[in-house]
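These values consider heavy atoms only, across backbone and side chains, with no hydrogens, waters or symmetry-generated copies. For reference, positions follow the sequence shown, starting with 1.
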Amino acid sequence: MDLQESRARLDELDRQLVQLFEARMEICKDVADYKIATGKAVYDGEREKQKLDAVGALAHGGYNETAIRELFGQIMAISRRFQYGLMAEKGKGGGLGFMQVESLPLEGVRVVYQGVEGAYGHGAVLQYFGQEADAYHVPTFEEAMQEVQEGRADYGVLPIENSSAGAVIDNYDLQVEYDNYIVAETFLPVSHALLGTPKADLSGIRTVFSHPQALMQCSRFFHGQKHIRQVSLENTAVAAKKVVEDGDPCQAAIASEIAGKLYGLKVLCPAIQNSQNNTTRFIILANRPIYRSDAAKVSIAFELPHRSGTLYNILGHFIFNGLNMRMIESRPIPGRSWEYRFFIDIEGNLKDAAIRNALKGCGAEASNMRILGNY
């Protein structure tokens, strides 16, 4: 058969498909009106499964059956997103549970961070809240979350990702376990210095203490210092404090120069990190679901049924509403083999219609979706 003739026949079939699709969407509008009037949910998983089984059975051959199921799965997903939009236009579907504010209250607040004075968490507090911030520290990230949730601290500051070392995975999990909300973020440049006692000299250093990530981020420095033993501690500032307490000129710590000044240590080598563009993103948490009117990023977490296409369908809500996704991270769900929780950042504000439509769709089709914050 001539190629041009085949293309002409395909063009005619495509024209008919478009007409049929538009006719189907008109009926979907009637379905949406009925659901709005009766309060019936848009998503009916059992009905969609029955429909996919039915249309699949109409196809001839295994390949066509699989393709038809995929095609109609997308058609029904498009229909749902259309219905969510109609419901939003008519003020149906409920609110998101967040309150908009013009600015965050920062006067007279208490701020908690993990570690000790001089740690990078302390630096992030000072950077965001100012040098006179009423800040205090706790030993663990989880204790910081508890302080915020129980109201002893107005805000908590936790690291969430580093440009070199990646995500701080434990803090992703803690966001789901505690009823706190991200209200802001701050980016702290990380500059690791080698710190020693006032009498120390680089040539005499035999042991270096620091956080495991800091040691890893300074790996190139150690390539030329094979005689130095690396020892991991829970925090860079704890490492600096240990060097002071031990008073051994053969020991050094990798920490910030701020920690060095705080503990009276000498900078033996400044900025020894591998990357000079090393930055850590810290999130600011509060125990109230609030967001600033100029917030531009939404963070969510959700779980999905363990079957083919579920993540694809969820991400379709962002595509359909023209939203840009900034980040996606997955974490295994404790106690549930091969099931995962997803963390996603998207650009936008909770007052935006496109954001609200996408989140409504995600919430209806995902398991345990939670808005972690808009900031």
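- Defined by atom type and a distance below 3.5 Å, a donor-acceptor pair is missing between the side-chain atoms of N171 and E161.
- The shortest distance between side-chain heavy atoms of T207 and I228 does not fall below 4.5 Å.
- At a threshold of 4.0 Å, the pair R7-D11 does not count as salt-bridged, since none of the basic side-chain nitrogens sits closer than that to a carboxylate oxygen.
- Among residues two or more places apart in sequence or in another chain, the side-chain contact (heavy atoms from CB on, under 4.5 Å) test is passed with A59 by N64, E65, I68.
- Side-chain contact check for V125 versus F282: every heavy-atom pair is 4.5 Å or farther apart.
- Shown here for I290 and L104, the closest heavy-atom pair between the two residues is CD1-CD2, 3.9 Å.
- Counted by atom type alone, E147 and Y136 present one or more donor-acceptor pairs between their side chains at under 3.5 Å.
- Around atom CZ of R152, more than 12 heavy atoms belonging to other residues, nucleotides or ligands sit under 6.0 Å away.
- I78 CD1 to F21 CZ: the interatomic distance, rounded to the nearest 0.5 Å, is 5.0 Å.
- Formation of a donor-acceptor pair under 3.5 Å by the Q276 side chain with backbone atoms of Q273 is found in this model.
- Among all heavy-atom pairs drawn from G115 and N235, the shortest one is CA-ND2, 3.5 Å.
- Linking ILVMFWY side-chain heavy atoms closer than 4.5 Å, directly or via other members, places V267 and Y263 in a single hydrophobic cluster.
- T197 places none of its side-chain heavy atoms less than 4.5 Å from the side chain of Q251.
- Hydrophobic clustering (ILVMFWY, side-chain heavy atoms < 4.5 Å, transitive): Y155 and F141 are in distinct clusters.
- Proximity of D201 to L268: side-chain heavy atoms (C-beta onward) are nowhere separated by under 4.5 Å.
- Taking the six-membered ring for Trp and the full ring otherwise, F302 and F343 have centroids separated by 6.0 Å or more.
- Dense packing is recorded around NZ of K351, with more than 12 heavy atoms of other residues, nucleotides or ligands lying under 6.0 Å away.
- To the nearest 0.5 angstrom, I205 atom CD1 is 9.5 Å from Q225 atom CD.
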For Y181 and F98: C-alpha separation, side-chain torsions, deciding distance, then whether ring pair (Phe, Tyr, Trp, His ring centres under 6.0 Å) applies.
CA-CA 10 Å; Y181 303 88; F98 278 70; 5.4 Å; yes
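- Between the K266 side chain and the P198 main chain, a donor and an acceptor come within less than 3.5 Å of each other.
- A donor-acceptor pair shorter than 3.5 Å cannot be found between the side chains of E70 and T66.
- Rounding to the nearest 0.5 Å places CG of L174 at 11.0 Å from CD1 of I169.
- Side-chain atoms of N287 and Q149 include no donor-acceptor pair closer than 3.5 Å.
- When atom types are taken as modelled, the side chain of Q230 and the backbone of F209 share no donor-acceptor pair closer than 3.5 angstrom.
- In this structure, the side chain of Q114 engages the main chain of P139 through a donor-acceptor pair within 3.5 Å.
- For Q19, the CD atom counts as densely surrounded, since its 6.0 Å shell holds more than 12 non-hydrogen atoms of other residues, nucleotides or ligands.
- N162 and N278 share a side-chain donor-acceptor pair at under 3.5 Å.
- Taking every heavy atom of both residues into account, R370 and Y178 meet most closely at NH1-O, 2.8 Å.
- The aromatic rings of H137 and Y113 are tilted relative to each other, their planes meeting at an angle between 30° and 60°.
- One hydrophobic cluster, built from ILVMFWY side chains closer than 4.5 Å, holds both F342 and V298.
- Nearest heavy atom pair, residue V238 against residue V116, reads N-CG2, 3.7 Å.
- When all heavy atoms of A295 and N374 are compared, the pair lying nearest together is CB-ND2, 3.5 Å.
- Of the charged side-chain nitrogens involved, at least one lies within less than 4.0 Å of a carboxylate oxygen, so that D345 and R281 count as a salt-bridged pair.
- The backbone N or O of I355 lies less than 3.5 Å from no partner atom in the side chain of D352, so there is not a single donor-acceptor pair.
- Within 6.0 Å of atom NE2 in H227, more than 12 heavy atoms from other residues, nucleotides or ligands are found, so the atom counts as buried in its surroundings.
- In summary, K29 and D33 engage in a salt bridge, as defined by a charged side-chain N under 4.0 Å from a carboxylate O.
- Within the 4.5 Å cutoff, side-chain heavy atoms of F129 are placed close to those of L106.
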Could you walk me through whether V183 and R292 pass the side chain to side chain contact (heavy atoms under 4.5 Å, CB included) test, one step at a time?
CA-CA 8 Å; V183 295; R292 286 176 33 161; over 6 Å; no
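- The aromatic ring centroids of H192 and Y120 lie less than 6.0 Å from each other.
- Considering only heavy atoms from C-beta on, E185 comes within 4.5 Å of F187 through its side chain.
- Taking 4.5 Å as the limit, some side-chain heavy atom of I160 sits within range of a side-chain heavy atom of Y172.
- Annotation: side-chain contact (heavy atoms from CB on, under 4.5 Å) contacts of E12 (sequence neighbours excluded): R15, Q16.
- Summarising the local packing, CZ of R24 is surrounded by more than 12 heavy atoms from other residues, nucleotides or ligands at distances under 6.0 Å.
- At least one side-chain heavy atom of E257 sits less than 4.5 Å from a side-chain heavy atom of P270.
- Here the side chain of S79 pairs no donor or acceptor atom with the backbone of I75 at under 3.5 angstrom.
- Across D173 and R331, no two heavy atoms sit closer than the pair OD2-NH2, 2.6 Å.
- Here CD1 of I300 is found 5.0 Å from CD1 of I344. Values are rounded to the nearest 0.5 Å.
- Here R110 does not pair with D154 in a salt bridge; the nearest charged N to carboxylate O distance is not below 4.0 Å.
- For residues 96-106, the side chain to side chain donor-acceptor pair (under 3.5 Å) pairs, not counting sequence neighbours, are Q100-Y291, E102-S293.
- Taking the centre and axis of the six-membered ring of Y375, the NZ or CZ atom of K297 falls outside the cone set by 45° and 6.0 Å.
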Go through the steps for R326 and E347 under the test side chain to side chain contact (heavy atoms under 4.5 Å, CB included), then give the verdict.
CA-CA 7 Å; R326 298 277 295 273; E347 293 178 357; 3.1 Å; yes
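- A donor atom on one side chain and an acceptor atom on the other are not found under 3.5 Å apart for N277 and S275.
- Using a cut-off of 4.0 Å between Lys/Arg side-chain N and Asp/Glu carboxylate O, K241 and E117 are scored as not salt-bridged.
- Using a distance-only test at 3.5 Å, with no hydrogens or angles considered, no donor-acceptor pair links the side chain of R206 to the main chain of R229.
- Distance alone, capped at 3.5 Å, is enough to place a donor-acceptor pair between the R220 side chain and the N274 backbone.
- Side-chain contact, E303 with N368: a donor N or O sits under 3.5 Å from an acceptor N or O.
- Proximity of a side-chain donor or acceptor of D246 to a complementary backbone N or O of D248 within less than 3.5 Å is not detected.
- Within a 6.0 Å radius of OH in Y340, other residues, nucleotides and ligands contribute more than 12 heavy atoms.
- The line from NZ of K49 to CE of M76 is 11.5 Å long, rounded to the nearest 0.5 Å.
- Side chain of T236 to backbone of S210: no donor-acceptor contact under 3.5 angstrom is found.
- Taken to the nearest 0.5 Å, the CZ atom of F318 stands 10.5 Å off from the CZ atom of R81.
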